[in-house]
S.K.: 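Mind having a look at this structure? Questions to follow.
If you're wondering where the values come from, they're calculated on a predicted model, not measured in any experiment. Here is how names work: the chains are called A, B, and so on, in the same order as the sequence lines, proteins then strands, and each is numbered from 1.
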Amino acid sequence: MPRYWLMKSEPDAYSWDDLEAAGEGVWDGVRNHAAKNNLAAMEVGDQAFFYHSNIGREIVGIMEVSEAGLLDPTDKEGKWAAVRVIPRTKLPATVTLKSIKAADDELGEMQLVKQSRLSVSEVTKHEWSKILSMAGI
DNA sequence: GCCAACGTTGGC
DNA sequence: GCCAACGTTGGC
């Protein structure tokens, strides 16, 4: 059973289009322990939303973990984690933070909402399905 | 070991 | 541009 995640990036630094253009990417640079623990828990085949923070504030696509348990190549000490991801699906309709908050009874408990600074968070299967339906999938 | 000061993230 | 939330650092 794959698990579901949500990973944030500021699109002016690294966007969905950048990932699609490259065909794959290594999700590194995370320097927060809760986020790192989530990265370290990922397994090949897990699915993750790509969320644009700051600019857009919306989920734009779905990626899949293609290689798990990597060490962060930007960390010389080797204590931070990373995963390799490939882009899977660009959402037909983006799902904004605003619309997620507006669906509060179903999505109000999302870590994205509760812990807005966490850059890598887990998404429940129910939340995942709900967001897919909001995205027109 | 506590806590104030400070830095960063990210929504508004 | 502001500020709340949160993490880290350093003095005591």
S.K.: I'd like to know if the side chain of D46(A) pairs up with that of W5(A) as donor and acceptor (distance under 3.5 Å, no hydrogens or angles considered).
M.R.: yes
S.K.: Examine W27(A) together with F50(A) and report whether their ring centres are nearer than 6.0 Å.
M.R.: yes
S.K.: Please figure out whether Q115(A) or N54(A) has its closest DNA chain C nucleotide nearer the 5' end.
M.R.: N54(A)
S.K.: Judged by atom type as modelled, is there a donor-acceptor pair below 3.5 Å linking the side chain of E106(A) to the main-chain atoms of A103(A)?
M.R.: no
S.K.: If only side-chain N and O atoms of Y51(A) are considered, is one of them under 4.0 Å from the OP1 or OP2 phosphate oxygen of dG11(B)?
M.R.: yes
S.K.: Over how many whole Å does the gap from R117(A) atom CZ to dG11(B) atom C1' extend?
M.R.: 12 Å
S.K.: In whole Å, I'd like the distance from the CD atom of Q111(A) to the P atom of dG10(B).
M.R.: 14 Å
S.K.: What would the secondary structure line of DNA chain B be in dot-bracket form, counting Watson-Crick and G-U wobble pairs under 3.5 Å, with [ ] for pairs that cross earlier ones and | for pairs with another strand?
M.R.: ||||||||||||
S.K.: I need a per-nucleotide contact map over nucleotides 1-6 of chain B, read 5' to 3'. Cutoff is protein heavy atoms under 4.0 Å; write B for the base, S for backbone only, - otherwise.
M.R.: ------
S.K.: Checking contacts here: which listed nucleotide (dT8(C), dG11(B), dG7(C)) is nearest the side-chain heavy atoms of H33(A)?
M.R.: dT8(C)
S.K.: Mind checking K101(A) for me? I need base, sugar-phosphate or nothing, with any heavy atom below 4.0 Å counting as a touch.
M.R.: sugar-phosphate
S.K.: Are D72(A) and V26(A) close enough that some pair of their side-chain heavy atoms sits under 4.5 Å apart?
M.R.: no
S.K.: D17(A) and K90(A): salt bridge (charged side-chain N to carboxylate O under 4.0 Å, His left out), yes or no, with the steps?
M.R.: CA-CA 9 Å; D17(A) 287 343; K90(A) 184 172 186 170; 3.8 Å; yes
S.K.: Could you tell me whether the side chain of M7(A) reaches within less than 4.5 Å of the side chain of L39(A), counting heavy atoms only?
M.R.: yes
S.K.: Any chance you could lay out the salt bridge (charged side-chain N to carboxylate O under 4.0 Å, His left out) test for K114(A) and E109(A), step after step, and finish with the verdict?
M.R.: CA-CA 6 Å; K114(A) 292 255 159 177; E109(A) 294 300 310; 3.5 Å; yes
S.K.: Under a plain distance cut-off of 3.5 Å, with no hydrogens placed, do T94(A) and E58(A) share a side-chain donor-acceptor pair?
M.R.: yes
